[in-house]
Amino acid sequence: MPPSRSRRIDPRLAIPAAALILLALAAVAAITLARRGRDQEPPRAGAFAPPSAARPVVALDVQQARDGTLTLGGPGGSQSATPPSTAAVFVLRPATAADAAPGDWLMVAGIANEVLNFTIRQVVIVPAALQPTADAEGVPRVSDGLAGHEANRDPRERPLLAGRVERTDGQSLTIAARSGITTLDVGAGSPVQRLTAGTLADIREGDRIAYLPPQPGAGAGDARALLVLPSAR
């Protein structure tokens, strides 16, 4: 039997082999760390969606107003309703920034899009005399929870900013909002309205009304308060 021969590894070959092993281990480690990094990434934010109202509003067009009875039109067709004489009525009147005074409230309504920009549609002055109460979001609300935007035709419109008026300076209004002191420059062409106390007699054909049903399915005849958006808006 021929004598066995022992093989010696050339050190010049051993170094590259070790380097290849180290490179392979480093690659595995890099892949593992990359996977862990992806696992630890925070989830992507979903599309922005404004919160839905706690009490869905009903907005209808006034087709006729006669002797306290309203003929109203909406998605479900026409209906007649006789609101109770005890119902509070709030009418939106055209206004300017100069109509606001310290102590009044301001509510800015509009549409928020997916990239958190805003389209302002309405600026409402809520006089202190109406004794509004700020809700959990700082939005001033009058009787039965009305804020002043509910009669608008676009259901996507929501309060974007609200606060109590601290100072007025021409077209600039400084308000104490929930997020802090904010100054708004209200231009001459801005859609400003002032919420005023009215009566059922102020409702005219062509107007638009809104109310918050006291219970699901309740009609305008059961409304405790009505918001009126005159047709001349």
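From a predicted model like this one, the values you see are computed outputs, not experimental measurements.
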Problem set entry | Min side-chain heavy-atom separation Arg153-Asp61 under 4.5 Å | yes
### Task
Answer with yes or no whether the hydrophobic clustering places Val57 together with Leu60; edges join I, L, V, M, F, W, Y residues whose side-chain heavy atoms lie under 4.5 Å apart.
no
**Report entry** Verdict with reasoning, Val228 to Asp202, per side-chain contact (heavy atoms from CB on, under 4.5 Å)
**Finding:** CA-CA 8 Å; Val228 182; Asp202 291 316; 5.9 Å; no
- prompt: Would you say Ser190's side chain and Val192's backbone share a donor-acceptor pair under 3.5 angstrom?
  reply: no
List the atom pairs, with distances to 0.1 Å, where a side-chain N or O of residues 85-105 and a protein N or O form a donor-acceptor pair under 3.5 Å, not counting sequence neighbours.
unit_1, atom_1, unit_2, atom_2, d
Thr96, OG1, Ala98, N, 3.4
Asp99, OD2, Thr96, N, 2.8
Asp104, OD1, Ala128, N, 2.9
Asp104, OD2, Ala101, N, 3.0

Rounded to the nearest 0.5 Å, the CG atom of Leu72 sits from the CD1 atom of Ile203 at a distance of 8.5 Å
Check your understanding: Do Thr82 and Thr69 have side-chain atoms, one donor and one acceptor, less than 3.5 Å apart?
Key -> yes
Self-check item: Contact check, side chains of Met107 and Val139, non-hydrogen atoms, under 4.5 Å
Solution: yes
List the atom pairs, with distances to 0.1 Å, where a side-chain N or O of residues 170-184 and a protein N or O form a donor-acceptor pair under 3.5 Å, not counting sequence neighbours.
unit_1, atom_1, unit_2, atom_2, d
Ser172, OG, Asp185, OD1, 2.5
Thr174, OG1, Thr183, OG1, 3.2
Arg178, NH1, Ala136, O, 3.4
Arg178, NH1, Glu137, OE1, 3.0

Which of Leu227, Val62, Leu229 passes side chain to side chain contact (heavy atoms under 4.5 Å, CB included) with Ile209? It is Val62
*Any side-chain heavy-atom pair of Leu226 and Pro83 under 4.5 Å*: yes
Side-chain touch Pro213/Val58, heavy atoms, less than 4.5 angstrom: yes
Examine distances only and state if a side-chain atom of Tyr211 and a backbone atom of Ala225 form a donor-acceptor pair shorter than 3.5 Å.
no
Checklist entry - Is the number of heavy atoms from other residues, nucleotides or ligands under 6.0 Å of Gln215 CD greater than 12? => result yes
For Thr71 and Ser80, the nearest pair of non-hydrogen atoms, with its separation, is OG1-OG, 4.0 Å
Open item on the list: Under a 3.5 Å distance rule, please check whether Asn152 uses its side chain to pair with a backbone N or O of Asp154 as donor and acceptor.
Closed with: no
Would Leu200 and Leu70 show up in the same hydrophobic cluster when neighbours are defined by side-chain heavy atoms closer than 4.5 Å? yes
Rounding to 0.5 Å, atoms CD (Gln193) and CD (Gln122) come to a distance of 4.5 Å
Value for CD1 (Ile111) from CD (Glu157), rounded to nearest 0.5 Å, stands at 5.0 Å
With the side chain counted from C-beta on, respond yes when Leu106 and Val126 share a heavy-atom pair under 4.5 Å apart, and no when they do not.
no
* To do: Let me see the working for Gln63 and Ser78 under side chain to side chain donor-acceptor pair (under 3.5 Å), right down to the final yes or no.
  => CA-CA 8 Å; Gln63 298 174 336; Ser78 297; 2.9 Å; yes
- Query: Could Arg141 and Glu150 be called an ion pair, given the rule that one side-chain N must be under 4.0 Å from one carboxylate O?
  - Reply: yes
Check your understanding: Below 4.5 Å, heavy atoms only, C-beta onward: do Arg224 and Ser143 meet side chain to side chain?
Key -> no
